[in-house]
Amino acid sequence: RSQRHLAEGDSLPLFVRTSTFRLPKDLDTPIICLAGGTGLAPIHGFIEERAFLRSQGKHTGRTLVFFGCFHEDTDFLYGDELRQHHANGAIELPPAFSPDPPERIFVQPPFP
């Protein structure tokens with residue numbers, strides 16, 4: 001049965017996998033996060049963890065976050081949060097907003 005035809009009490013198969021997608025154990029290891037087609041969700045926890053560690057006085061390696069979207073005012077989800085992490089020095093954030101600036105900017109060109 002498809003999900004829209006479920007009735008109360010029906011069961012669904014469910015698979016839970018242990019993820020191996022995690023930060024390096026060595027906090028000094030730099031990381032590059034690219035919020036491409038999957039958006040920010042897969043890397044949001046990494047950004048939060050690095051920001052938290054730094055707020056606790058721990059040194060972390062460089063955290064470079066590339067985020068691209070169409071319009072800064074409507075598509076830059078978590079923009080305020082990311083800007084705050086950038087201001088606090090937890091991340092480096094070269095965002096790319098393709099149609100907004102006078103010249104189109106994409107995620108790929110800003111690599112330093």
Side-chain angles (χ1 to χ4, degrees):
R1 292 177 128 187
S2 72
Q3 189 172 1
R4 59 191 149 159
H5 294 105
L6 290 177
E8 187 174 333
D10 285 353
S11 62
L12 291 172
L14 177 68
F15 303 94
V16 178
R17 297 180 187 164
T18 302
S19 175
T20 58
F21 188 55
R22 59 186 94 253
L23 285 170
K25 290 182 182 181
D26 181 356
L27 298 179
D28 288 327
T29 302
I31 62 171
I32 297 173
C33 301
L34 176 62
T38 58
L40 194 62
I43 61 172
H44 189 249
F46 292 169
I47 295 167
E48 289 293 304
E49 185 170 344
R50 284 277 174 112
F52 173 76
L53 290 168
R54 289 181 66 96
S55 76
Q56 300 298 303
K58 296 186 176 164
H59 180 269
T60 62
R62 183 178 182 191
T63 304
L64 187 54
V65 179
F66 290 98
F67 182 90
C69 60
F70 287 109
H71 304 284
E72 182 175 6
D73 58 342
T74 57
D75 300 330
F76 194 22
L77 304 179
Y78 300 100
D80 292 340
E81 179 182 326
L82 292 172
R83 285 187 190 99
Q84 186 63 47
H85 289 323
H86 177 71
N88 293 339
I91 65 172
E92 295 174 50
L93 181 68
F97 307 108
S98 53
D100 281 348
E103 183 179 325
R104 293 177 68 116
I105 300 173
F106 296 95
V107 170
Q108 297 86 346
F111 278 89

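Note that the coordinates shown come from a computational prediction; the quantities given were computed from them, not determined experimentally.
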Exercise. What's in the same ILVMFWY side-chain cluster as Phe46, cut-off under 4.5 Å, chained through other members?
Worked result: Phe21, Leu23, Ile31
Exercise. Would you say the side chain of Leu93 lies within less than 4.5 Å of the side chain of His85, judging by non-hydrogen atoms?
Worked result: no
Exercise. Is there a donor-acceptor contact under 3.5 Å from the side chain of Arg50 to the main chain of Thr63?
Worked result: no
Problem set entry | Transitive ILVMFWY side-chain link Leu53 to Ile47, under 4.5 Å | no
Problem set entry | Interatomic spacing from CD in Glu92 to CZ in Arg62 - rounded to 0.5 Å | 4.0 Å
For this session: Output all residues satisfying side chain to side chain contact (heavy atoms under 4.5 Å, CB included) with His44, sequence neighbours left out; order by chain, then residue number.
Result: Leu40, Glu48, Tyr78, Glu81
Seminar exercise, completed: Contacts satisfying side-chain hydrogen bond (donor to acceptor under 3.5 Å, both in side chains) that involve residues 24-35 (not counting sequence neighbours) are Asp28-His59
For this session: Not counting sequence neighbours, which residues clear side chain to side chain contact (heavy atoms under 4.5 Å, CB included) with Asp80? List them please.
Result: Arg83
For this session: Report the distance from atom OG1 of Thr60 to atom NZ of Lys58, rounding to the nearest 0.5 Å.
Result: 11.0 Å
Seminar exercise, completed: For Ile91 and Leu82, the nearest pair of non-hydrogen atoms, with its separation, is CD1-O, 3.6 Å
Problem set entry | All side-chain hydrogen bond (donor to acceptor under 3.5 Å, both in side chains) counterparts of Glu49, not counting sequence neighbours | none
Exercise. Partners of Ser55 by side chain to side chain contact (heavy atoms under 4.5 Å, CB included), sequence neighbours excluded?
Worked result: Phe52
